[in-house]
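Heads up: the structure comes next, in structure tokens.
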Amino acid sequence: MAGSGRRSARSRIKSSTDGSDDGLLGSTKPNLKLRRDRTKDHNLIPIINVDLKIMLGIGVFSFLIIFFLIHNLIKPSEEAQRPRVVTPFPAPKIMDLPQFQGEHKESLYWGTYRPHVYLGIRARTPQSLVAGLMWIGIKDGMYHMRHVCQDSDELSTYGWTQHNARDFGHQVLVDHGLKLETSFLKSKSEGSGYGGDWAVRIDVQSGKPEWDKENGHLFFYLADEDGSALTLRGDTIDIRENSLLASGSRADIGGWQLHLESKDDLEIHYSGFKTPHIHNLSDLVLQNLGVQLRKFRLLQLSDSSNGSPNILVFQISASIPFKADVAFVSGSGVRNSRIKERVDSLTGNSMTSQLQEKQSEFDAKFRRCFDVSGKLESESVIVGKAAVANMLGGIGYFYGQSKISYPKNSNHEGHNNFIAYWPAELYTAVPSRPFFPRGFLWDEGFHQLLIWRWDVKVTLDIVGHWLDLMNVDGWIPREQILGSEALSKVPEEFVLQYPTNGNPPTLFLVISDLLYGIKNNKFTSAENNEITSFLERAYVRLEAWFQWFNTTQSGKEIGSYFWHGRDNSTIRELNPKTLSSGLDDYPRASHPSEEERHLDLRCWMLLAANCMHSISQLLQKKYESGKDYGSIANLLSDFELLNQMHLDPEYGAYFDFGNHTEKVQLKEAIEENSHVKQVVREVLEKPELRLVPHVGYVSLFPFMRRIIPSDSWILEKQLDFISNRSVLWTNYGLRSLAKTSSLYMKRNTEHDPPYWRGPIWMNMNYMILSALYHYSKEDGPYRERAKIIYEDLRSNLIRNVVQNYHKTGFLWEQYDQTKGKGKGARLFTGWTSLVLLIMAETYS
């Protein structure tokens, strides 16, 4: 999911090696290596200086002419020079709709919107106050700082067990015998500033005897992204006398105070920092601790501060077990007595009572939204709750500028072959907190299949943010790496986004669901009105998005499409990747060309056309020339045309079409100049235009989109492929590529292991299950067989995910097709969370 169409192996490098950021505290020489700073890129804006004395000497008439030229000729000329790729779509922004203002906007202002750290809080505003938690853990007999989610920390488990996406969340983290529970709570009361108040409870417990009575060290911090100074309470802090830690004021929320309450005997130390960015905050804390260790042999912050600090870090130390409640209250002109009352309501027994109430509300809403009663055992229900909680708890807010690939020889002065997109915000779920803590376009459609069933207003907010990122051509950058914190997790060479390349338009999946819900009275009257208003505003953007795909990704044959961006000159890949499809290394034509016809993209376009047709009918839109979406949908669902273009009639399977040969291999070769051994591709047979004979997920797309008639022999063949153990079937789910494929589990380069060439992926299995469920309800000769396969596949998927979760503590990116073991990124609660919809038998 990385700097590829989705998750190429190369883009996982930074995340898996980020351990150097946190360093070691096992000696007086901790690893205090700083990450290289990344500064923002600024577009140059020419300034026209005008000599006022000369201007005054010119007549009024001349002045008016100059004024006219500046405002009516020069400015449009400058606008005309702005590259289209970084020109926003010329329509009212969806997020400016009244339904996203007022109470809705304020209710979502504060949240756990920093998914890349173990606990992070911020507001949905570009320059926010941000808060977060670090702690010291012990691994291999040495102290380690924990802050940014990363696999190298080797936590036994972490993640949200409950989260409602708005004002409550509960998380459990187990770090080599140290157990932390964090709870987040929001409150809006009289006198509160914009967005209300919030509080965090940190419960530190011993999971192993070696932690009993040991001192635990937490580090809770508050930082201001715009660099404004934070006011420390004083040179010494004793919360037994006064719970106040820090205070300040902001235009958005008024005055604010940070308080700490606990019934336990806590020792508090602090340090203040002044820095233009916070993504290396753990390094700053480690440096401070390192100095203290070397000088005084004390594991504590220095109780000192830089002048006018914009970051304050508070060290909370105590004998384990202990609890600490941190309360943030805001609002200008509030009396001290009223503040104490509000702090008390967010800490101690009052907080305990509110958290218990929120937990009960979460459980009740879970039962209401996902009716799994009588369908599942308690072990599965636990996993279902974790799936939705982590999906909601993984929603983040980001602000920054994407970097767009742009040729150096263009008229515009690009930098290092890129140009900056306009500054933009994004509210989105993320696939994986440690590996992919940012927005991915094709993932998001799958995420919203789960989220809208929990909170449809949150879904509309997220989809609206994504569509507002559209440029004038109807293109949306596929991977959103916005802001310095997000950039710090991605190698620079994988940051660029390519405006020729798309990503599966999966947002149409959720929009299709919403349309179905309106048609079948699934929503309240108020929700119907908001969805309809949303679609009214979004329609012009969805049209542009559809047209972008329909023109830039179209093939030579009518009704054909192919994913752009494949490398037709590579000599290092066994089969050139198709990153933009999301199925990175899934086998396509061996020699990329414009003759290609990609089956999956054709089916995505059918979904989009059907969806646009339904929206047009709902909104009673009149068709313009070339925009008869019903006709386009009819063309793409034409069964005979589909068969002519993609069906192998002898085999009964659907395939891509392109310039292809099976006779390719990787072999070692000596580079002439350097005499270095390299693994390169060798082509043993001239390619020819043909069907690409690889059965797998792509082959099943016509089945997934239900194009195949329920009485067709071709449907029977799809059921054969699905249920055949020598092809796709396993006891853990359907493998991504058939065992009979020549590229099954083959490495694509010397360094790239197979990714979509065998392992089991939940998003595709969900769509296949959805189709099986559909065909099991349709009259036809294969109805009963589809039902049996559906029930067995559903059972296998649920059982394997549940067993892996209880064994490892995580949902995984993919699952091994031979033993069912979780693979790839762990804590992957993106589309793997669709297992909950499978549990509830709720399909799109």
Side-chain angles (χ1 to χ4, degrees), residues 95 100-133 149 159-171 182-189 192-202 220-225 250 252-253 256 258 278 326-330 346 351 354-355 358-359 361-362 365 388-399 425-430 433 437-439 444 447-448 450-451 454-466 480 482-483 485-486 829:
M95 296 316 300
F100 297 123
Q101 311 307 312
E103 183 182 351
H104 169 83
K105 189 172 184 177
E106 185 176 5
S107 71
L108 291 173
Y109 192 65
W110 292 106
T112 54
Y113 301 141
R114 300 176 63 220
H116 61 291
V117 296
Y118 289 113
L119 177 67
I121 299 158
R122 66 166 295 129
R124 294 204 317 174
T125 190
Q127 298 294 319
S128 172
L129 275 178
V130 299
L133 175 69
C149 300
W160 300 98
T161 58
Q162 295 173 308
H163 203 293
N164 66 8
R166 290 185 174 270
D167 60 9
F168 161 72
H170 177 261
Q171 183 178 208
T182 69
S183 299
F184 172 74
L185 182 69
K186 267 165 56 176
S187 173
K188 179 70 175 174
S189 59
S192 295
Y194 186 82
D197 307 327
W198 54 262
V200 169
R201 168 166 291 176
I202 310 161
F220 194 88
Y221 62 87
L222 195 67
D224 196 319
E225 288 184 317
R250 285 178 58 94
D252 52 351
I253 60 174
W256 60 264
L258 188 71
I278 66 169
V326 179
F328 178 90
V329 294
S330 65
L346 288 169
M351 187 179 190
Q354 290 180 74
L355 289 175
K358 291 293 183 183
Q359 288 168 350
E361 290 175 0
F362 174 89
K365 187 169 184 178
V388 69
N390 278 290
M391 178 69 80
L392 299 171
I395 294 174
Y397 174 90
F398 307 91
Y399 183 84
E425 62 179 357
L426 180 62
Y427 172 64
T428 184
V430 304
R433 289 169 62 190
R438 51 195 177 275
E444 201 55 36
H447 297 164
Q448 296 312 313
L450 190 65
I451 292 176
W454 179 270
D455 192 325
V456 70
K457 295 188 74 169
V458 168
T459 283
L460 294 177
D461 199 308
I462 288 174
V463 176
H465 272 89
W466 272 101
Q480 295 293 324
L482 304 179
E485 285 195 281
T829 42

- Under 3.5 Å side-chain donor-acceptor pair for D197 and S187: no
- Task: May I have the step-by-step check of side-chain contact (heavy atoms from CB on, under 4.5 Å) for M95 and D461, ending in yes or no?
- Result: CA-CA 7 Å; M95 296 316 300; D461 199 308; 3.3 Å; yes
- Task: Verify, without hydrogens or angle tests, whether R122 (side chain) and G396 (backbone) share a donor-acceptor contact under 3.5 angstrom.
- Result: no
- Item | For K457, all residues meeting salt bridge (charged side-chain N to carboxylate O under 4.0 Å, His left out), sequence neighbours excluded | E530
- Within the distance-only criterion (no hydrogens, no angle test), does the side chain of K188 pair as donor or acceptor with the backbone N or O of Y194 below 3.5 angstrom? no
- Message: Can you give me the closest heavy-atom contact between R166 and S107, atom names plus distance?
- Response: NH1-OG, 3.0 Å
- Message: Could you report the tightest heavy-atom contact between G196 and E106, atom names first, then the distance?
- Response: N-OE2, 4.4 Å
- With the side chain counted from C-beta on, respond yes when L392 and N164 share a heavy-atom pair under 4.5 Å apart, and no when they do not. no
- Query: Could K358 and D167 be called an ion pair, given the rule that one side-chain N must be under 4.0 Å from one carboxylate O?
  - Reply: yes
- Item | Passing option when H163 is tested against I395, V388, T112 for side chain to side chain contact (heavy atoms under 4.5 Å, CB included) | T112
- Task: Using distance alone, with no hydrogens and no angle criterion, decide if Q171 and T182 have a side-chain donor and acceptor under 3.5 Å apart.
- Result: yes
- Message: Would you say that T125 contacts Y109 through its side chain, given a criterion of any heavy-atom pair below 4.5 Å between the two side chains?
- Response: yes
- Spell out, as yes or no, whether a donor-acceptor pair under 3.5 Å connects the side chain of K365 to the backbone of W454. yes
- Note on the structure: Sorted by chain and residue number, the ring-ring contact (aromatic ring centres under 6.0 Å, His included) partners of W256 (sequence neighbours excluded) come out as F328
- Task: List in chain and number order the residues that pass ring-ring contact (aromatic ring centres under 6.0 Å, His included) with F220, two or more places apart in sequence or in another chain; answer none if no residue qualifies.
- Result: none
- Note on the structure: Applying salt bridge (charged side-chain N to carboxylate O under 4.0 Å, His left out) to R433 and not counting sequence neighbours gives none
- Item | Distance-only donor-acceptor check, side chains H170 and Q359, under 3.5 Å | no
- Query: Are the side chains of T428 and E444 in touch, meaning some heavy atoms are under 4.5 Å apart?
  - Reply: yes
- Item | Whether E225 side chain and S128 backbone form a donor-acceptor pair below 3.5 Å | yes
- Query: Listed by chain and number, what are the ring-ring contact (aromatic ring centres under 6.0 Å, His included) partners of H465, not counting sequence neighbours?
  - Reply: Y427
- Note on the structure: Between Q448 and V463, the two heavy atoms sitting closest are CG-CG2, 4.2 Å
- Item | Shortest non-hydrogen contact from C149 toward P115 | SG-O, 3.8 Å
- List the steps, then state whether side-chain contact (heavy atoms from CB on, under 4.5 Å) holds for Q354 with F168. CA-CA 10 Å; Q354 290 180 74; F168 161 72; over 6 Å; no
- Item | Y221: ring-ring contact (aromatic ring centres under 6.0 Å, His included) partners, not counting sequence neighbours | H147
- Query: Would W110 and Y397 count as a close aromatic pair, with their ring centres under 6.0 Å?
  - Reply: no
